[in-house]
Amino acid sequence: MRKVIAAINMTLDGFCDHTAGIADDALHQHYTDMLRHAGTLLYGRVTYQLMESFWPNVVKNPTGNPAYDEFATAIEEVPKVVFSRALKNTAWKNVRLAQRDLAEEVLALRRETGKDIFVGSPGLIAALTDLGLIQEYQLCIHPVILGKGLPLFKQISEKRILKLTNTKIFSSGSIVLYYGVGKE
């Protein structure tokens, strides 16, 4: 059974904001490597539209920066499932709209063979955490205090105990914390 892995960037004070992090070449290379191990990416509408508005254009018109261009190619190749009530169609390659509710869709994806499932939207991560459907968290903490924004774990209904399994430190001061789901 495939694992569901939450992978997201956040500030030191726990907010998710794509403009607040340090998106240097090393970080893009890290996420390119992650995408090469991904079988499916799960997005909510807002994150999907953010990604879809930028990365396909980089594939069509490379920047000349190998880290950005490789990331754009890698993310384009991974199948993506978007959870949205508002979207009726998608324009990006390898994307489909979810046909079932979140739990049903994710459980069906887990039963498929292949590489792991990565979740990259704050709302989906919170909802899947609440449903107990995430097996691993890869939280990239940036050395930024934002003071406001979208908290990652808003409206979680019960405490979750995680076990630190690995870390990865970048020269920018960002750190990826890898957590498995533990027992209390």
Side-chain angles (χ1 to χ4, degrees), residues 2-12 14-83 90-98 106 109-110 112-125 128 134-144 146 150 152 162 164-180:
R2 301 195 297 169
K3 284 195 313 189
V4 178
I5 300 169
I8 198 157
N9 292 290
M10 57 194 297
T11 61
L12 185 61
F15 296 111
C16 298
D17 181 336
H18 76 281
T19 64
I22 302 167
D24 60 9
D25 289 354
L27 188 70
H28 278 96
Q29 187 59 56
H30 165 78
Y31 281 111
T32 299
D33 295 342
M34 182 203 78
L35 289 169
R36 290 185 178 129
H37 294 96
T40 306
L41 300 175
L42 305 182
Y43 289 128
R45 180 189 57 80
V46 173
T47 305
Y48 166 74
Q49 288 180 315
L50 175 74
M51 302 297 267
E52 187 268 342
S53 71
F54 186 77
W55 293 111
N57 294 325
V58 175
V59 171
K60 291 176 191 162
N61 302 299
T63 66
N65 178 320
Y68 280 58
D69 296 345
E70 288 174 27
F71 178 85
T73 301
I75 199 167
E76 180 144 310
E77 295 304 316
V78 179
K80 293 164 271 305
V81 178
V82 179
F83 293 85
T90 61
W92 198 4
K93 180 181 176 182
N94 290 324
V95 177
R96 71 173 176 83
L97 294 170
V106 170
L109 287 167
R110 283 195 69 208
E112 294 176 2
T113 59
K115 298 175 183 176
D116 290 329
I117 302 159
F118 285 82
V119 187
S121 293
L124 287 182
I125 290 171
L128 290 169
I134 294 180
Q135 287 75 50
E136 181 179 319
Y137 295 84
Q138 296 180 10
L139 307 176
C140 184
I141 311 299
H142 293 265
V144 174
L146 201 54
L150 176 64
L152 178 56
L162 305 177
L164 183 65
T165 59
N166 198 8
T167 60
K168 181 177 182 178
I169 300 171
F170 295 93
S171 61
S172 67
S174 297
I175 183 170
V176 179
L177 302 171
Y178 296 81
Y179 289 101

**OP:** Kindly state each residue pair satisfying salt bridge (charged side-chain N to carboxylate O under 4.0 Å, His left out) with at least one member in residues 17-26, sequence neighbours excluded.
**Re:** none
Original post:
So, for P56 and E76, which heavy atoms are closest and what is the spacing to 0.1 Å?
Top reply: CA-OE1, 3.8 Å
**OP:** Go through M51 and H18 one step at a time and tell me if the side chain to side chain contact (heavy atoms under 4.5 Å, CB included) criterion holds.
**Re:** CA-CA 10 Å; M51 302 297 267; H18 76 281; over 6 Å; no
Identify all side-chain donor-acceptor contacts of residues 169-176 below 3.5 Å with residues at least two apart in sequence or on another chain.
| unit_1 | atom_1 | unit_2 | atom_2 | d |
| --- | --- | --- | --- | --- |
| S172 | OG | S174 | N | 3.2 |
| S172 | OG | S174 | OG | 3.2 |
| S174 | OG | H142 | ND1 | 3.0 |

Original post:
Can any side-chain N or O of K168 pair as donor or acceptor with the backbone N or O of C140 at less than 3.5 Å?
Top reply: no
Subject >> Separation of L35 CG from H28 NE2 (nearest 0.5 Å) >> reply: 10.5 Å
Original post:
CG/L50 to CZ/R45 distance, rounded to the nearest 0.5 angstrom?
Top reply: 11.5 Å
**OP:** Show your working on side chain to side chain contact (heavy atoms under 4.5 Å, CB included) between I75 and L41 and close with a plain yes or no.
**Re:** CA-CA 9 Å; I75 199 167; L41 300 175; 3.8 Å; yes
Original post:
Side-chain contact, heavy-atom cut-off 4.5 Å: L162 with L177?
Top reply: no
**OP:** State, with a plain yes or no, whether a side-chain heavy atom of L150 is found less than 4.5 Å away from one of F15.
**Re:** no
**OP:** Find the distance between CD1 (I8) and CD1 (I125) and round it off to the nearest 0.5 Å.
**Re:** 4.0 Å
**OP:** Considering non-hydrogen atoms only, spot the tightest contact between D116 and K3 and give its length.
**Re:** OD1-N, 3.0 Å
Original post:
By side chain to side chain contact (heavy atoms under 4.5 Å, CB included), which residues pair with P79, not counting sequence neighbours?
Top reply: none
Original post:
If you measure from CD on Q138 to NE2 on H30, what distance do you get to the nearest 0.5 Å?
Top reply: 6.0 Å
Original post:
Closest heavy-atom contact between A7 and F118?
Top reply: CB-CD2, 4.0 Å
Original post:
Any side-chain heavy-atom pair from I22 and L27 closer than 4.5 angstrom?
Top reply: no
**OP:** Indicate the atoms forming the closest heavy-atom contact of Y31 with N9, along with that distance.
**Re:** OH-OD1, 3.3 Å
**OP:** List the atom of L128, the atom of V106, and the distance in Å for their closest heavy-atom pair.
**Re:** CD2-CG2, 3.8 Å
Subject >> Backbone of G44 reached by a side-chain donor or acceptor of S121 within 3.5 Å >> reply: yes
**OP:** Drop me the distance from T167's OG1 to L139's CG, to the nearest 0.5 angstrom.
**Re:** 12.5 Å
Original post:
Are the side chain of R2 and the backbone of L109 linked by a donor-acceptor contact shorter than 3.5 Å?
Top reply: yes
Original post:
With distance as the sole test, does T165 use its side chain to make a donor-acceptor pair with the main-chain N or O of Y178 at under 3.5 Å?
Top reply: yes
Original post:
If we only count heavy atoms from C-beta on, is the K93 to E77 side-chain gap below 4.5 Å?
Top reply: yes
Subject >> Minimum side-chain heavy-atom gap I117-V81 below 4.5 Å >> reply: no
Original post:
Just how far is it from atom CE of M34 to atom CD1 of I5, taken to the nearest 0.5 Å?
Top reply: 8.5 Å
Original post:
Side chains of W92 and N94: closer than 4.5 Å at any heavy-atom pair?
Top reply: no
Subject >> Heavy-atom side-chain proximity of V95 to Y43 below 4.5 angstrom >> reply: no
**OP:** May I ask you to test the T47-L124 pair for a side-chain heavy-atom distance under 4.5 Å?
**Re:** no
Subject >> Closest non-hydrogen atom pair, E52 against A91 >> reply: OE2-CB, 3.6 Å
Original post:
How far apart are the C-alpha atoms of F71 and V58, what are their side-chain angles, what is the distance that settles it, and do they pass the side chain to side chain contact (heavy atoms under 4.5 Å, CB included) test?
Top reply: CA-CA 9 Å; F71 178 85; V58 175; over 6 Å; no
